[in-house]
Amino acid sequence: MLTGISSLIGNAGILLAAQNNEPDFMIHGLIKYKLFGQDLYITTTHVSIIIVTLLLITFFLIMKRKMKNPEEVPGTLQNIAEIIVEAIDNMVNQNMGKNARRFVNYIGTIFLFIFISNISGVFGLRPPTADFGVTLPLGLITFALIHYNDVKKNKARAFTSLFKPLFFLFPINVIGEIAIPFSLALRLYGNILSGTVMMALVYGLLPIFVKIGIPAVLHVYFDLFAGAIQTYVFCMLTMAFVNDKIAD
Amino acid sequence: MSQITNEGLILACSAIGAGLAVIAGIGPGVGQGYAAGQAAAAVGRNPGAKSDITTTMLLGQAVAETTGLYGLLIAFLLLFVKPLT
């Protein structure tokens, strides 16, 4: 569908142009616009991210209306919502203990967003998380959260702790802190991108009779399994870093 | 030899570099295998904690995988974005 729109508008907007005979896993620009004298594009990532966000918003708006008068014996939708909320509550409670109430909303939000983004490859979208421009902001939000809570809890000790255990280790400590959002972002990005590239190679390079059945197995591994694991890892590491700063 | 263009040489060297970059996969392979082996031993000693052990193992393996992914990213950059040409 997306390639259809792309060819309709014309291939002028291709950001990272692929050769015609290469498998297609690149980000394509769909609509070109100018802002402050720069050429910018609405890319396939934007389209995927809007679809994912709309899906989540619609689901939770429906759930909000449904849960205004919850039933004693839950129906299908109520069951799904209860499973999601319970799973996230349990995960955060296990890792953060008494601080869980403050962070469960943030962790739940990024968990659902990253999870739906990662598995959207199954539904034919290009996963939004296979774009460094999506994962880096997620890492930076976590970075801001870590240091906001660090300063809030430890006051001045948040800065003096950079000089420990020895004062000349200051540059190494700073690099260690700055590396956190990049390692978080690159881990997610690399995993999902490698899955996307593998699937594109399987679809693009293999003969037609191999394409029946075998990609389904690979989809289960690269999209569902790796996507779920990476979502879990991102949330666990976020919780571990925050917990490290606000622990007594 | 004289018909090799500059661009062709750079492309060929990029391909070799991409191949060298994914040698980084050795490290995570060894690390993940070690983690899985230790997890198997742990399940053998204490089968009741199987779910906890599996979760911890998968988390550790996913983190160990990161260094390999950095090599993979370099390979992708060299092959598809072609920064040097």
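Atoms considered below: every heavy atom in the structure, side chains included; atoms not considered: hydrogens, waters and symmetry mates. Sequence lines set the chain letters: A, B, ... in the order given, protein chains first and strands last, and positions in each chain run from 1.
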query: Charged N to carboxylate O under 4.0 angstrom, Lys82(B) versus Glu7(B)?
result: no
- request: Just say parallel, tilted or perpendicular for the rings of Phe111(A) and Phe115(A), cut-offs at 30° and 60°.
  value: parallel
task: Measure distances from Phe225(A) to the heavy atoms of chain B and classify the residue's part below 4.5 Å as side chain, backbone, both or neither.
output: side chain
field: Neighbours of chain A found in residues 51-65 of chain B - heavy atoms under 4.5 Å
entry: Thr55(B), Leu58(B), Leu59(B), Ala62(B), Val63(B), Glu65(B)
Near [X] [atom1], under 6.0 Å, is it more than 12 heavy atoms from other residues, nucleotides or ligands?
X: Ile26(B); atom1: CD1; value: no
X: Arg102(A); atom1: CZ; value: yes
X: Tyr34(B); atom1: OH; value: no
X: Asn6(B); atom1: CG; value: no
X: Glu82(A); atom1: CD; value: yes

- request: Start with the C-alpha gap between Arg126(A) and His28(A), add the side-chain angles, then the distance that decides, and say whether side chain to side chain contact (heavy atoms under 4.5 Å, CB included) holds.
  value: CA-CA 10 Å; Arg126(A) 191 183 188 282; His28(A) 295 288; over 6 Å; no
Distance-minimising heavy-atom pair for Thr45(A) and Pro128(A): CG2-O, 4.0 Å
query: Could you name the residues of residues 178-191 of chain A that have a heavy atom within less than 4.5 Å of a heavy atom in chain B?
result: Ser183(A), Leu186(A), Arg187(A), Tyr189(A), Gly190(A), Asn191(A)
field: Student check: side-chain heavy atoms of Ile141(A) and Tyr106(A) closer than 4.5 Å
entry: yes
